[in-house]
Amino acid sequence: MKFRDLMPFNNFLFLIDIKEFGPLELEITLEFMDSPSSKEKTITRKILFESYVAFEVIAEHFDRVDEKEIFSGKLIRIYKESSYLNYIRSITYAEEIHPESPLVHYQFVCEDHIINVISLEEKPHIIS
C-alpha cells in the first residue's frame, strides 16, 4: 500500500499512537473506521517517516481553518501551501541544508486530533 492510497479515505480516523525513534524517525499509528460505533471494519495502519523536520498535534476543536491553504486529500492530506509550512520554513534551515529535497506538509485529520508533519521525504512508509 502506498501513502496516496490512504488519501481518499473520508470516514472516521483516530490517532492511536505517535512516537519518535532515533533523532529523526516518526511513527504514527492510525485507526480507520467506517463508523465510530462499529469496530467490525476497523483497519490499523502505521505511517513511518524516516526523517522529519517538525511535527505537532493539535486538539481537533482548536484547529483554525485557513481558506488560502492548498492541499489534496480528504482526512489525510498533502499541502502545497499552508501556514504551518510557511512557519517551519521561517524558523528552520531545513531547505538550506537539503536544497535537493523540498519540504512536504502532511496532515492527518483525526476525530480528536490534527497531526501536522513536515518532512523531507515524499513517500512515508505504510506498515500494515
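This one's a predicted model, so the numbers in the text were calculated from it and none came from an experiment.
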Going from [atom1] on [X] to [atom2] on [Y], what distance comes out if it is rounded to the nearest 0.5 angstrom?
X      : Y      : atom1 : atom2 : answer
His113 : Ile28  : NE2   : CD1   : 12.0 Å
Leu13  : Ile76  : CG    : CD1   : 5.5 Å
Ile70  : Glu81  : CD1   : CD    : 4.0 Å
Leu120 : Glu100 : CG    : CD    : 8.0 Å
Asp17  : Glu27  : CG    : CD    : 7.0 Å
Ile16  : Thr44  : CD1   : OG1   : 6.0 Å

Under 3.5 Å, is there a donor-acceptor pair between the side chain of Asp63 and the main chain of Glu60? no
Find out whether [X] and [Y] are in side-chain contact, i.e. whether some heavy atom of one side chain is under 4.5 Å from a heavy atom of the other.
X     : Y      : result
Asn10 : Leu75  : yes
Leu15 : Ile115 : yes
Phe9  : Lys74  : no
Glu31 : Met33  : yes
Phe3  : Ile78  : yes
Leu30 : Phe108 : yes
Val57 : Ile114 : no

Should [X] and [Y] be counted in the same cluster of Ile, Leu, Val, Met, Phe, Trp and Tyr side chains packed under 4.5 Å apart?
X      : Y      : answer
Leu85  : Val109 : no
Val117 : Val53  : no
Val104 : Phe71  : no
Ile58  : Ile18  : yes
Leu6   : Phe55  : yes

Locate the shortest heavy-atom distance separating Arg4 from Ser72; write the atom from each residue and the value. NH1-OG, 4.3 Å
ring-ring contact (aromatic ring centres under 6.0 Å, His included) against Phe49, all qualifying residues, sequence neighbours excluded: Tyr106
Listed by chain and number, what are the ring-ring contact (aromatic ring centres under 6.0 Å, His included) partners of Tyr87, not counting sequence neighbours? none
Electrostatic pair Asp66-Arg64, nearest N-O below 4.0 angstrom: no
Which residue pairs pass the side-chain hydrogen bond (donor to acceptor under 3.5 Å, both in side chains) test when at least one of the two sits in residues 50-59, sequence neighbours left out? Glu20-Tyr52, Glu50-His125, Glu56-Asn116
Mind checking what makes side chain to side chain donor-acceptor pair (under 3.5 Å) contact with [X], not counting sequence neighbours?
X      : value
Glu111 : none
Ser82  : His105
Glu95  : Arg89

Trace of the side chain to side chain contact (heavy atoms under 4.5 Å, CB included) decision for Leu26 with Leu48: CA-CA 6 Å; Leu26 181 69; Leu48 177 65; over 6 Å; no
